[in-house]
Amino acid sequence: MNPRIKLLRGDITKIAAGAIVNAANGSLLGGGGVDGAIHRAAGPGLLAECRTLGGCETGKAKLTKGYNLPAPYVIHAVGPVWRGGTGGEEALLAGAYRSALDLAAENGIRSVAFPNISTGVYGYPKDKAAAVAIRTVSNFLDGHPEMDKVIFVCFDEDNHRLYERRLGR
Ligand code: ADP
């Protein structure tokens with residue numbers, strides 16, 4: 001597995017990467033889970049900027065500044081709600097990861113921290129989501145030698161264990 005892929009257990013709002021990724025909803029106006037945690041830690045400037053963006057399609061991402069976060073940028077990626085797997089969820093989840101990484105590269109950001117997009121209230125099965133996330137990030141890194149690292153930040157123990165196994169750590 002690519003040595004530029006890192007694995008951490010903890011709270012993504014504490015991570016001083018070039019950008020942290022938010023598992024946002026399409027409104028970009030905040031929510032629960034990691035989205036709520038990021039907005040609380042960033043402060044009201046983040047919501048003010050998000051209001052100017054006009055939302056975001058599922059499978060895509062948008063960039064804002066990080067405000068009071070240690071990371072200078074937040075990339076708001078919208079993953080799919082799990083509906084049994086026949087609604088294009090896999091391509092949409094891969095798209096959310098890929099769009100976030102493309103935005104980072106376009107903006108000269110060289111390290112990106114991801115939460116486990118769609119595996120909370122959106123209900124995507126955690127092991128299936130881990131496979132998509134790792135494959136998409138690996139493929140991206142193969143084509144982007146300038147990207148120093150991508151960090152998977154797992155908040156819950158289940159996800160952390162699944163990533164350890166899949167990454168061989
Ligand atoms: P979604 O709607 O995309 O499912 P959630 O925020 O409900 O988003 O959950 C996505 C993942 O984020 C879950 O695996 C959850 O454990 C994790 N999570 C929640 N809070 C944090 C946090 N502070 N840092 C990193 N990950 C978090």
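Numbers here simply count residues along the sequence, with the first being 1. Both counts, for ligands and for their atoms, begin at 1 and track the order of listing.
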### Query
What's the spacing between Thr64 OG1 and His76 NE2 if we round to 0.5 Å?
3.0 Å
### Query
Looking only at protein heavy atoms, which one is nearest to atom 10 (C) of ligand 1, and how far off is it?
Asn116 O, 3.4 Å
### Message
Return the CG to CD distance between Leu141 and Glu146, rounded to the nearest 0.5 Å.
### Response
9.0 Å
### Closest protein heavy atom (residue, atom, distance) for atom 7 (O) of ligand 1
Val121 N, 3.0 Å
### Query
Would you call Arg169 and Ile5 a side-chain contact if the rule is heavy atoms closer than 4.5 Å?
yes
### Message
Considering Gly120, Ala23, Ala113, Ser118 one by one, which has a heavy atom nearer to atom 9 (O) of ligand 1 than any of the others?
### Response
Gly120
### Message
Using a 6.0 Å cut-off, check whether atom CD of Glu57 has over 12 heavy atoms from anything other than its own residue.
### Response
no
### Message
For ligand 1 and Ala37, I'd like to know whether there is a polar contact (N/O to N/O, distance under 3.5 Å).
### Response
no
#### Entry: Flag side-chain contact, heavy atom, 4.5 Å: Tyr73 against Leu103
no
### Query
With a 4.0 Å cut-off on heavy atoms, does Thr13 reach ligand 1?
no
### Summary
Ranked by distance from atom 15 (C) of ligand 1, the top protein heavy atom is Asp156 OD2, 4.0 Å
### Query
atom 24 (N) of ligand 1: which protein heavy atom is closest, and how many Å away?
Ile12 N, 3.0 Å
#### Entry: Minimum side-chain heavy-atom gap Ser111-Lys6 below 4.5 Å
no
### Task
Using distance alone, decide if ligand 1 has a nitrogen or oxygen within less than 3.5 Å of any nitrogen or oxygen in Gly123.
no
### Query
Considering only protein heavy atoms, which is closest to atom 22 (C) of ligand 1, and at what distance to one decimal place?
Phe155 CD1, 3.5 Å
### Task
Hey, could you give me the NZ/CD distance between Lys128 and Glu90, rounded to the nearest 0.5 Å?
8.5 Å
### Task
Check whether more than 12 heavy atoms from other residues, nucleotides or ligands sit under 6.0 Å from atom CZ of Arg83, and answer yes or no.
no
### Query
Which of the atoms of ligand 1 are close to Asp11, meaning less than 4.0 Å from one of its heavy atoms?
22 (C), 23 (N), 24 (N)
### Task
Measure the spacing between OG1 of Thr58 and OH of Tyr122 and express it to the nearest 0.5 Å.
7.0 Å
### Minimum-distance protein heavy atom relative to atom 6 (O) of ligand 1
Val34 N, 2.9 Å
### Task
Check each heavy atom of Asn159 against ligand 1 and say whether those closer than 4.0 Å belong to the side chain, the backbone, both or neither.
side chain
### Task
Note the single closest protein heavy atom to atom 14 (O) of ligand 1, along with its residue, its atom name and the distance in Å.
Thr119 OG1, 2.8 Å
### Message
With a sphere of 6.0 Å drawn around NZ of Lys60, does it hold more than 12 non-hydrogen atoms of other residues, nucleotides or ligands?
### Response
no
### Query
So between Tyr124, Tyr122, Trp82, whose heavy atom ends up nearest atom 2 (O) of ligand 1?
Tyr122
### Task
Please say whether Pro115 places an N or O atom under 3.5 Å from an N or O atom belonging to ligand 1.
no
